[in-house]
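Note sheet for the following structure.
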Amino acid sequence: MRPFLPALAPLALLVLACASAPPPRRVTTAPQVVGRIDDILQRYTQPIAVSYHHLGTGLTIEREEHVSFHAASTMKVPVMMALYRAVERGELSLGQPIPVKNEFRSIVDGSAYTLDPAEDGDPDLYQAVGGTRPLAELIRRMIIRSSNLATNLLIERIGASRATDLMRELGAYEIQVLRGVEDGKAYTAGLNNLTSAKDLRIALEALVDGKTFSERSSSEMIEILKAQEFNEKIPAQLPKGIPIAHKTGDITGIHHDAAIVFPPDEKPYVLVVLTEGFRDEKEANRVIAEISRAVWEGRRAGDGELPRRNPVDSGPVGR
């Protein structure tokens with residue numbers, strides 16, 4: 001039942017409203033950039049999520065940022081971060097040798113499965129099976145070549161839940177790291193690694209916030225991400241030589257990129273673009289690259305309140 005309020009004179013109502021209303025929030029935005037991004041998104045029926053934040057101007061643009069996607073290889077970023085957290089705590093050492101094997105256990109029933117080198121972005125690592133490789137090398141291979149073998153070895157070492165727990169500490173509640181890659185039984189059971197664009201942005205911002213990790217750890221992780229060898233998405237239409245620390249993710253019908261971009265003479269910005277449903281990977285790459293270019297070209301322009309599209313109930317995405 002609505003509580004009874006005595007009648008107030010118009011002047012009293014005005015005074016009360018002025019006293020209780022919060023001050024207007026001014027957000028640096030670039031309306032033309034928002035328009036360009038929306039124009040790109042409206043050309044496609046496939047789910048596309050965007051989360052962008054400029055750490056200098058405060059410009060923020062988000063579209064479908066909370067929609068859940070299959071994370072593909074973007075989940076390797078939280079795994080790397082959890083490993084560096086363990087190193088900072090003295091639980092692991094970057095130089096310690098890690099046995100290299102190609103047999104892993106499904107999270108469904110503990111049955112064994114192996115990885116296919118032909119499906120891996122880093123087939124060379126399979127030559128080390130039976131030997132060891134330093135932890136630091138495996139982390140680097142996991143990111144810059146998206147090594148599935150290195151990923152599973154590292155998840156087995158640290159535990160998938162440690163990556164998820166760290167994300168929760170950062171306020172990222174939509175990332176879920178459950179398992180390594182190519183666990184076919186888990187995939188069939190719907191037990192997949194998931195993410196949203198907003199949560200991947202939160203994760204990347206933790207690498208540059210100066211609070212989450214030591215300066216050395218943050219610098220090392222950023223340098224690893226800058227060495228990424230797959231550059232067909234966010235970097236593709238940007239000026240050559242711009243430092244970009246990023247991680248892609250690709251499986252059938254899933255194509256993502258999540259990046260920290262370092263423009264000269266200004267603070268960096270973070271851009272995450274997630275897609276699903278593109279049969280042609282090159283088309284998905286082109287869409288991501290166009291969004292990236294629109295952000296780059298308009299990142300410092302405009303001032304005003306950020307317009308929002310009408311929300312679309314697209315439901316959960318991913319397999």
Side-chain angles (χ1 to χ4, degrees), residues 29-30 33-55 59-78 164 167 170-177 192-206 225 230 232-237 244-261 269-296 298-299 306-319:
T29 66
V33 184
V34 174
R36 287 183 62 184
I37 290 175
D38 285 346
D39 287 343
I40 294 169
L41 297 179
Q42 289 167 5
R43 299 202 307 259
Y44 300 94
T45 59
Q46 295 91 335
I48 304 172
V50 178
S51 186
Y52 162 71
H53 180 218
H54 194 295
L55 301 179
L59 169 58
T60 302
I61 301 171
E62 295 188 305
R63 297 291 184 259
E64 312 296 351
E65 66 273 18
H66 293 295
V67 173
S68 179
F69 287 74
H70 191 299
S73 289
T74 62
M75 64 87 175
K76 296 170 183 178
V77 174
T164 299
M167 294 301 100
L170 299 177
Y173 298 102
E174 295 158 349
I175 284 183
Q176 174 177 274
V177 183
N192 295 312
N193 301 313
L194 303 174
T195 192
S196 67
K198 180 67 168 281
D199 273 16
L200 271 179
R201 176 168 71 82
I202 290 171
L204 289 180
E205 288 181 356
L225 289 164
F230 302 104
E232 301 84 6
K233 296 180 174 66
I234 285 176
Q237 296 184 24
I244 304 171
H246 72 117
K247 181 72 192 79
T248 59
D250 295 283
I251 59 174
T252 303
I254 303 287
H255 305 290
H256 307 325
D257 204 357
I260 310 168
V261 181
Y269 65 81
V270 178
L271 172 64
V272 178
V273 185
L274 309 181
T275 76
E276 184 186 10
F278 286 91
R279 295 184 178 182
D280 184 352
E281 181 178 346
K282 291 182 179 179
E283 184 180 12
N285 292 347
R286 185 165 55 251
V287 172
I288 296 171
E290 288 179 5
I291 293 171
S292 175
R293 183 177 66 187
V295 165
W296 172 268
R299 68 192 184 278
L306 178 67
R308 298 283 300 186
R309 287 191 302 168
N310 292 328
V312 176
D313 183 13
S314 56
V317 180
R319 294 191 297 275

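- The shortest heavy-atom contact between F69 and A49 is CE1-CB, 3.6 Å.
- Using a 4.5 Å heavy-atom cutoff, the side chains of Y52 and R201 are not in contact.
- In plain terms, the two heavy atoms of L59 and G298 that are nearest each other are CD2-O, 4.5 Å.
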Review point. Could you walk me through whether L274 and V272 pass the side chain to side chain contact (heavy atoms under 4.5 Å, CB included) check?
Key: CA-CA 7 Å; L274 309 181; V272 178; 3.8 Å; yes

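- Not a single side chain to side chain donor-acceptor pair (under 3.5 Å) links E281 to another residue, sequence neighbours left out.
- Interatomic distance, CE of M167 versus CD1 of I175, reported as 5.5 Å (0.5 Å rounding).
- Residues satisfying the ring pair (Phe, Tyr, Trp, His ring centres under 6.0 Å) criterion with F230, sequence neighbours excluded, are absent altogether.
- Y173 meets the ring pair (Phe, Tyr, Trp, His ring centres under 6.0 Å) test with no other residue; sequence neighbours excluded.
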Exercise for review: Mind running side chain to side chain contact (heavy atoms under 4.5 Å, CB included) on F278 and I48 for me, showing each step along the way?
Suggested key: CA-CA 10 Å; F278 286 91; I48 304 172; 4.0 Å; yes

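- A donor-acceptor distance shorter than 3.5 angstrom exists from the side chain of T164 to the backbone of V177, with no hydrogens or angles considered.
- Under the salt bridge (charged side-chain N to carboxylate O under 4.0 Å, His left out) criterion, R286 pairs with no residue, sequence neighbours left out.
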Practice item. Could you please spell out the steps behind the side chain to side chain contact (heavy atoms under 4.5 Å, CB included) verdict for Y269 and V295? Key: CA-CA 10 Å; Y269 65 81; V295 165; 3.8 Å; yes

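- Put simply, the side chain of D257 reaches to within 4.5 Å of the side chain of I288, judged on heavy atoms.
- Here NZ of K247 is found 14.0 Å from CD1 of I260. Values are rounded to the nearest 0.5 Å.
- The closest side-chain heavy-atom distance from L204 to L225 is below 4.5 Å.
- The shortest distance between side-chain heavy atoms of L200 and E205 does not fall below 4.5 Å.
- Shown here are the salt bridge (charged side-chain N to carboxylate O under 4.0 Å, His left out) partners of E232, two or more places apart in sequence or in another chain: there are none.
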Review point. What's the verdict on side chain to side chain donor-acceptor pair (under 3.5 Å) for S51 and E62, showing C-alpha distance, side-chain angles and the deciding distance?
Key: CA-CA 4 Å; S51 186; E62 295 188 305; 2.7 Å; yes

Practice item. Take R63 and D38, measure what side chain to side chain contact (heavy atoms under 4.5 Å, CB included) needs, and give me the verdict at the end. Key: CA-CA 9 Å; R63 297 291 184 259; D38 285 346; 2.8 Å; yes

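- Rounding to the nearest 0.5 Å gives a distance of 12.0 Å between CH2 of W296 and CG of L271.
- Under the side-chain contact (heavy atoms from CB on, under 4.5 Å) criterion, S196 pairs with E174, K198, D199, sequence neighbours left out.
- Take A72 and apply the side-chain contact (heavy atoms from CB on, under 4.5 Å) test, not counting sequence neighbours, and it matches H70, I251, I254, H256.
- Remark: A206 engages M81, L170, D209, T212 in a side-chain contact (heavy atoms from CB on, under 4.5 Å) (not counting sequence neighbours).
- Here the straight-line distance linking atom CD of E65 with atom CD1 of I202 works out to 10.5 Å at 0.5 Å rounding.
- The CD1 atom of I37 lies 9.5 Å from the OG atom of S292; values are rounded to the nearest 0.5 Å.
- A donor-acceptor pair is defined here as one N or O able to donate and one able to accept, closer than 3.5 Å; no such pair exists between the side chain of R293 and the backbone of E290.
- Closest of all the heavy-atom pairs between A258 and I234 is N-CD1, 4.1 Å.
- Partners of D250 under the side chain to side chain donor-acceptor pair (under 3.5 Å) rule, at least two apart in sequence or in another chain, are K233, H255.
- Among residues two or more places apart in sequence or in another chain, the side-chain contact (heavy atoms from CB on, under 4.5 Å) test is passed with A71 by T74, M75, N193, T195.
- Here the CD1 atom belonging to I291 is positioned 9.0 Å from the OG1 atom belonging to T275, to the nearest 0.5 angstrom.
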